[in-house]
**Student:** 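Sharing a structure, written as structure tokens. Questions coming.
A quick note: this is a predicted structure, and the numbers were derived from the prediction, not measured.
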Amino acid sequence: WLIDHGAALYFHHDWKTWDGQAATAFPLIRDHVLLSFAGALAAADARLKPLLSRQKLSSLIDLIPDSWLAQDPGAPGAAGQRDAYLNFFCERLRSSGAFVSEAIRAREALS
């Protein structure tokens, strides 16, 4: 099954809040359908985090077609959305410890 990963970016509902959400621990991870299958989360973060950089994220975001970007009045236009995505994901990368720790706590609570 495909999952709408964009729906997981809650700032889509209010583009002015991306910066406030980027560093959050994301406590709703406790309800994620795949959490019980997630193992070695800290090791995965340590191994995969160095593979991403601002430049790599920017090149990926540049691949998003304009037609996929929101046309709603609250969205900052295609260029502004790309900037918001880049800044969000860069901050999320810097703050990965917060949501990795939250996921580990949530997974342990399942046991």
Side-chain angles (χ1 to χ4, degrees):
W1 294 93
L2 296 176
I3 297 172
D4 179 2
H5 295 288
L9 300 173
Y10 293 123
F11 70 87
H12 280 164
H13 303 288
D14 183 0
W15 280 91
K16 296 177 193 101
T17 65
W18 73 263
D19 55 343
Q21 295 183 34
T24 63
F26 191 63
L28 291 176
I29 191 67
R30 70 182 176 270
D31 298 325
H32 198 287
V33 67
L34 299 177
L35 184 62
S36 64
F37 300 102
L41 293 167
D45 181 51
R47 182 172 48 92
L48 298 173
K49 186 175 178 176
L51 300 178
L52 293 173
S53 66
R54 184 174 187 87
Q55 181 180 1
K56 182 65 172 176
L57 290 167
S58 180
S59 67
L60 293 169
I61 291 166
D62 286 344
L63 296 173
I64 301 170
D66 285 352
S67 63
W68 287 13
L69 298 172
Q71 302 298 315
D72 63 72
Q81 287 177 59
R82 284 191 176 84
D83 287 345
Y85 281 127
L86 180 58
N87 291 322
F88 176 86
F89 287 121
C90 286
E91 180 59 31
R92 201 73 176 135
L93 188 62
R94 280 189 293 276
S95 305
S96 68
F99 62 84
V100 169
S101 295
E102 184 68 26
I104 291 169
R105 277 192 297 278
R107 190 167 190 275
E108 288 171 352
L110 293 175
S111 308

**Student:** Any chain of hydrophobic side-chain contacts (each under 4.5 Å) joining Ile61 to Trp68?
**Tutor:** yes

**Student:** Kindly write out the residues that satisfy salt bridge (Lys or Arg N to Asp or Glu O under 4.0 Å) with Arg30, not counting sequence neighbours, or none if the list is empty.
**Tutor:** none

**Student:** List, by chain and then residue number, the residues other than Leu51 in its hydrophobic cluster (Ile/Leu/Val/Met/Phe/Trp/Tyr, side-chain heavy atoms under 4.5 Å); write none if there are no others.
**Tutor:** Leu48

**Student:** Spell out, yes or no, whether Phe37 and Val33 are grouped together once hydrophobic residues are joined by side-chain heavy atoms under 4.5 Å, including indirect joins.
**Tutor:** yes

**Student:** Looking at Lys49, I'd like to know if its NZ atom is crowded, meaning that more than 12 non-hydrogen atoms belonging to other residues, nucleotides or ligands lie closer than 6.0 Å.
**Tutor:** yes

**Student:** Taking the hydrophobic residues Ile, Leu, Val, Met, Phe, Trp and Tyr, and joining any pair whose side-chain heavy atoms are under 4.5 Å apart, which ones share a cluster with Phe99?
**Tutor:** Leu41, Val100, Ile104

**Student:** Under the rule for ring pair (Phe, Tyr, Trp, His ring centres under 6.0 Å), what residues qualify as partners of Phe89, not counting sequence neighbours?
**Tutor:** none

**Student:** Which residue pairs pass the side-chain hydrogen bond (donor to acceptor under 3.5 Å, both in side chains) test with at least one member in residues 35-47, sequence neighbours excluded?
**Tutor:** Asp45-Ser96

**Student:** List in chain and number order the residues that pass side-chain contact (heavy atoms from CB on, under 4.5 Å) with Pro50, two or more places apart in sequence or in another chain; answer none if no residue qualifies.
**Tutor:** none

**Student:** On a heavy-atom basis, which atom in Ala106 and which in Ile29 lie closest, and how many Å separate them?
**Tutor:** CB-CG2, 4.1 Å

**Student:** Find the distance between OH (Tyr85) and CG (Asp62) and round it off to the nearest 0.5 Å.
**Tutor:** 13.0 Å

**Student:** Tell me, please, which residues at least two apart from Thr24 pass side-chain contact (heavy atoms from CB on, under 4.5 Å).
**Tutor:** Arg92

**Student:** Could you list the residues that satisfy side chain to side chain donor-acceptor pair (under 3.5 Å) with Gln21, not counting sequence neighbours?
**Tutor:** Thr17

**Student:** If every non-hydrogen atom of Leu34 is compared with every non-hydrogen atom of His32, which pair is closest and at what distance?
**Tutor:** N-ND1, 3.0 Å

**Student:** Rounded at 0.5 Å granularity, tell me how far CZ in Phe88 sits from CG in Leu86.
**Tutor:** 12.0 Å

**Student:** Name all pairs fulfilling the side-chain hydrogen bond (donor to acceptor under 3.5 Å, both in side chains) condition that reach into residues 74-83, sequence neighbours left out, sorted by first residue then second.
**Tutor:** Asp66-Arg82

**Student:** Please list, chain by chain and in numerical order, all residues satisfying side-chain contact (heavy atoms from CB on, under 4.5 Å) with Ser101, sequence neighbours excluded.
**Tutor:** Arg105

**Student:** At what distance, to the nearest 0.5 angstrom, does OG of Ser95 lie from CG of Leu93?
**Tutor:** 8.5 Å

**Student:** What distance do Leu35 atom CG and Leu28 atom CG have between them, rounded to the nearest 0.5 Å?
**Tutor:** 12.0 Å

**Student:** Taking only residues two or more places apart in sequence or in another chain, which ones pass side chain to side chain donor-acceptor pair (under 3.5 Å) with Arg54?
**Tutor:** Asn87

**Student:** Holding to side-chain contact (heavy atoms from CB on, under 4.5 Å), I want the full list of residues that pass it with Ala46, two or more places apart in sequence or in another chain.
**Tutor:** none

